[in-house]
There are 2 protein chains.
Amino acid sequence: MFTGCPPVTAPIRIGDKWTAKIIRCLERGPRRFTELQTPLRGITPKVLTESLRAMERDGLLTRTAYDEIPPRVEYELTDLGRSLLEPMNAGCEWSRRHLPELIAARDAWHAAP
Amino acid sequence: MFTGCPPVTAPIRIGDKWTAKIIRCLERGPRRFTELQTPLRGITPKVLTESLRAMERDGLLTRTAYDEIPPRVEYELTDLGRSLLEPMNAGCEWSRRHLPELIAARDAWHAAP
DNA sequence: CCGTATCCGTACTGATACTG
DNA sequence: CAGTATCAGTACGGATACGG
């Protein structure tokens, strides 16, 4: 799902529900666990962990744990993960150009079935 | 999901599970219900109907029923539905270029956890 | 031929509580 | 701070059978 279309079911998604959003959060540099949790408001630590682990397995991001107290863990996009920005931007471009038409069609359906 | 990556969880999807596949099936012209059901092997009529109705509501395709016996119904992409081919192709291009890296990363994870 | 109706399993997501 | 553990609701997709 892409930012900018929260109320409708997004016609374009990357991976699972959170993958694309996480990539957007990491777009401008590494982020810590809670730095991801905050903008993705509503996500529970369990689900965030699952998504991050899956993305790590797929080589989309790296996880770096520092031996400090309090603990610090940083997540950063790999080149592979960053390469997903390209099709994501194509999807965003489609949304900007055509999503209003889709919304209009959906509204018209409600108005005159 | 895009054709060419069946065994892995596709990193890119359009709408629900079947939307993108249906668009591909309609890419080269209108198709009938069973003409869609055959290439999408495994889809049940219930699910296909649900997907087609949702896409019709969103203005992605049109449904035309002819009063004949036996009945004939044709589904055809609208311009809006056809416009989705653009981001879909961007996703396909990503898959062609980068999916092997993703698979390799996933395999490496299994090999040395 | 083109669906609808009914039932059902599971997979996804989340709330809540707890730990190193 | 950065998670793990447990429990639970729901929505998605599918199997099967039947109807216009």
Side-chain angles (χ1 to χ4, degrees), chain A residues 1 6-23 25-26 29-58 61-77 106 113, chain B residues 1-2 6-23 25-26 29-58 60-76 113:
Chain A
M1 181 147 69
V8 257
T9 302
I12 303 174
R13 289 178 294 170
I14 306 270
D16 71 5
K17 182 178 177 181
W18 301 101
T19 308
K21 289 178 176 175
I22 291 172
I23 290 178
C25 290
L26 294 174
R31 294 286 182 268
R32 305 175 62 172
F33 192 84
T34 43
E35 286 177 326
L36 290 170
Q37 207 175 357
T38 304
L40 305 171
R41 56 176 184 175
I43 195 173
T44 60
K46 173 198 163 195
V47 175
L48 181 54
T49 300
E50 286 171 354
S51 299
L52 289 170
R53 291 282 190 277
M55 294 173 71
E56 193 188 357
R57 275 195 297 275
D58 286 348
L61 52 79
T62 58
R63 177 185 184 274
T64 310
Y66 299 91
D67 258 351
E68 303 175 357
I69 290 182
R72 184 162 60 97
V73 178
E74 284 194 340
Y75 296 91
E76 185 168 17
L77 285 181
R106 196 176 288 185
Chain B
M1 180 148 73
F2 292 111
V8 255
T9 302
I12 303 176
R13 290 179 292 172
I14 306 269
D16 70 7
K17 183 177 177 181
W18 301 101
T19 308
K21 289 177 176 177
I22 291 172
I23 289 178
C25 290
L26 294 174
R31 293 287 183 269
R32 305 175 61 171
F33 191 84
T34 43
E35 287 177 326
L36 290 169
Q37 207 175 358
T38 304
L40 305 171
R41 56 175 184 175
I43 195 173
T44 59
K46 173 202 164 196
V47 175
L48 180 55
T49 300
E50 286 170 356
S51 298
L52 289 171
R53 290 283 189 277
M55 294 173 70
E56 193 188 357
R57 275 196 297 274
D58 287 348
L60 300 180
L61 52 78
T62 57
R63 176 185 185 274
T64 310
Y66 299 91
D67 258 351
E68 306 174 355
I69 289 183
R72 184 164 60 99
V73 178
E74 284 195 339
Y75 296 92
E76 185 168 18

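Bear in mind the structure is a predicted one, so any value in this text is a computation, not a measurement. Atom set for the values below is all heavy atoms of this structure, side chains included, hydrogens, waters and symmetry mates excluded. In what follows, chains are A, B, ... by sequence order, proteins preceding strands, each numbered from 1.
Applying the 4.0 Å criterion to OP1 and OP2 of D:dA2, one finds that A:R32 has a side-chain N or O inside that range. Side-chain nitrogen and oxygen atoms of A:T34 include at least one within less than 4.0 Å of the OP1 or OP2 phosphate oxygen of D:dA2. In terms of phosphate contacts, B:T44 brings no side-chain nitrogen or oxygen within less than 4.0 Å of OP1 or OP2 of D:dT16. For the pair B:R63 and C:dG3, the criterion of a side-chain N or O lying under 4.0 Å from OP1 or OP2 is met. At the phosphate of D:dG3, neither OP1 nor OP2 sits under 4.0 Å from any side-chain N or O atom of A:R72. Distances shown here put every side-chain N or O of A:R53 at or beyond 4.0 Å from the OP1 or OP2 atom of D:dA2.
Nucleotide C:dC2 holds its C1' atom 13 Å from the CD atom of B:E35, rounded to whole Å. When the P atom of C:dG3 is taken as reference, atom CD of B:E74 falls 12 Å away, rounded to whole Å. Here C:dA11 presents its C1' atom at 11 Å from CD of A:E50, a figure rounded to the nearest Å. As a whole-Å value, the separation of B:D67 CG from C:dC2 P is 13 Å. Protein atom NZ of A:K21 is 13 Å distant from nucleotide atom C1' of C:dT13, rounded to whole Å. In this structure, A:I69 atom CD1 and D:dG3 atom C1' are separated by 15 Å, rounded to whole Å. Atom CD in A:E68 sits roughly 14 Å away from atom P in D:dG3 (whole-Å rounding). When rounded to the nearest whole Å, the span between CD of B:Q37 and C1' of D:dA15 equals 13 Å.
When distances are taken from the side chain of B:W18 to each of C:dG14, D:dG13, C:dC1, the shortest belongs to D:dG13. Proximity note for B:P45 (side chain, C-beta onward) versus D:dA2, C:dT4, C:dT13: the nearest is C:dT4.
Residues B:L48 and B:F33 meet the side-chain proximity criterion, which asks for heavy atoms closer than 4.5 Å. Taking the side chain as every heavy atom from C-beta outward, B:M55 and B:I22 approach each other to under 4.5 Å.
Between the side chain of B:R63 and the backbone N or O of B:E74, no donor-acceptor pair lies under 3.5 Å. Between the side chain of A:E35 and the backbone N or O of A:R32 there is at least one donor-acceptor pair closer than 3.5 Å. With B:D58 contributing its side chain and B:L60 its backbone, the two residues share no donor-acceptor pair below 3.5 Å.
A donor-acceptor contact under 3.5 Å is not formed by the side chain of B:K46 with the base of C:dG3.
Within the 4.0 angstrom heavy-atom criterion, only backbone atoms of the sugar-phosphate kind lie near A:Y75; the bases stay farther away.
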